[in-house]
Amino acid sequence: MRIGELARRTGVSERALRYYEEQGLLRPERLPSGYRVYTELDVAAVRRVRLLLAAGLSTAQINEALPCMVDEDELLQPKCSGLVDALAAHRDRIEEAIGELESTRANLNALIGRARPVG
DNA sequence: ATTCTCACA
DNA sequence: TGTGAGTA
């Protein structure tokens with residue numbers, strides 16, 4: 001299938017699909033015309049990428065993680081222990097960020113409080 | 001009609 | 001990442 005069909009089937013824009021290729025996440029064949037050709041496997045590949053992206057990983061991190069993951073009955077799971085640790089570290093950093101955001105929110109709430117607009 | 005690359009009021 | 005341009 002070409003990029004248009006893959007885009008429809010995955011719900012991912014053609015723009016994003018080309019970007020994933022540029023980032024080494026997808027390696028479609030090329031027709032002599034230059035058109036990209038994807039296989040059924042790419043449909044699953046795009047879903048894995050989206051999942052990892054949704055988990056907050058960068059394309060570079062996804063490239064490192066992907067080869068260390070296995071698709072087992074509908075879910076993507078870490079295959080190497082090192083990856084589990086890296087993912088856990090990533091989660092910890094996110095929790096730190098959440099903590100900072102909560103603090104920022106508290107400061108904003110204090111600033112807003114029962115402020116009465118004057119001008 | 002589709003896809004491709006490149007560039008950004 | 002979207003969008004538009006100019007092609008093949």
Side-chain angles (χ1 to χ4, degrees):
Chain A
M1 74 189 90
R2 284 172 309 185
I3 199 168
E5 187 180 339
L6 183 62
R8 283 189 294 90
R9 294 182 54 180
T10 60
V12 174
S13 69
E14 298 181 6
R15 176 76 169 77
L17 255 16
R18 295 190 183 101
Y19 177 68
Y20 295 164
E21 174 182 7
E22 192 177 293
Q23 298 305 300
L25 267 25
L26 253 31
R27 349 199 61 105
E29 309 272 303
R30 290 283 187 145
L31 255 30
S33 61
Y35 287 14
R36 274 162 268 246
V37 176
Y38 301 90
T39 69
E40 208 58 44
L41 293 177
D42 292 314
V43 175
V46 172
R47 291 185 178 137
R48 284 195 288 277
V49 170
R50 296 297 287 192
L51 183 65
L52 266 11
L53 243 20
L57 300 197
S58 67
T59 53
Q61 293 173 147
I62 292 176
N63 257 313
E64 298 176 7
L66 237 30
C68 281
M69 311 204 81
V70 59
D71 239 329
E72 199 171 290
D73 31 79
E74 287 306 309
L75 46 179
L76 192 60
Q77 52 185 269
K79 174 182 171 178
C80 319
S81 60
L83 178 57
V84 177
D85 295 337
L87 257 21
H90 178 57
R91 179 203 53 197
D92 292 343
R93 295 195 314 151
I94 286 177
E95 305 208 312
E96 288 304 306
I98 289 175
E100 289 171 12
L101 284 173
E102 290 178 325
S103 173
T104 297
R105 178 178 58 186
N107 288 330
L108 273 174
N109 284 333
L111 248 27
I112 296 170
R114 46 187 159 302
R116 173 172 43 81
V118 171

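Throughout, a chain's letter reflects where its sequence line sits, starting with A, and its residues are numbered from 1.
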For [X] and [N], what is the distance between atoms [atom1] and [atom2] respectively, to the nearest whole Å?
X        : N      : atom1 : atom2 : value
Tyr35(A) : dT5(B) : OH    : C1'   : 12 Å
Arg15(A) : dC4(B) : CZ    : C1'   : 13 Å
Met1(A)  : dT3(B) : CE    : P     : 12 Å
Arg30(A) : dT2(B) : CZ    : P     : 19 Å
Ile3(A)  : dC4(B) : CD1   : P     : 5 Å
Glu14(A) : dT2(B) : CD    : C1'   : 8 Å
Leu17(A) : dG2(C) : CG    : P     : 11 Å
Glu22(A) : dT5(B) : CD    : P     : 10 Å

Joint hydrophobic cluster, Tyr35(A) plus Tyr19(A), side-chain heavy atoms closer than 4.5 Å:
no

Mate of dT2(B) across any strand shown (Watson-Crick or G-U wobble, both atom pairs under 3.5 Å) is dA8(C)

Under 3.5 Å on both distances, the Watson-Crick or G-U partner of dA9(B):
none

Tyr19(A), nearest nucleotide to its side chain (from dT5(B), dT3(B), dT1(C))
dT1(C)

Answer yes or no: is there an ion pair linking Glu14(A) with Arg18(A), defined by an N-O contact shorter than 4.0 Å?
yes

Locate the shortest heavy-atom distance separating Val12(A) from Leu17(A); write the atom from each residue and the value.
CG1-CD1, 3.6 Å

Describe the nucleic acid contact of Arg36(A) in one word from base, sugar-phosphate, nothing, applying a heavy-atom distance below 4.0 Å.
sugar-phosphate

Pick base, sugar-phosphate or nothing for Ser13(A), based on heavy-atom distances below 4.0 Å to the nucleic acid.
sugar-phosphate

I need the single residue from Leu51(A), Leu75(A), Leu52(A) that forms a side-chain contact (heavy atoms from CB on, under 4.5 Å) with Met69(A). Which is it?
Leu52(A)

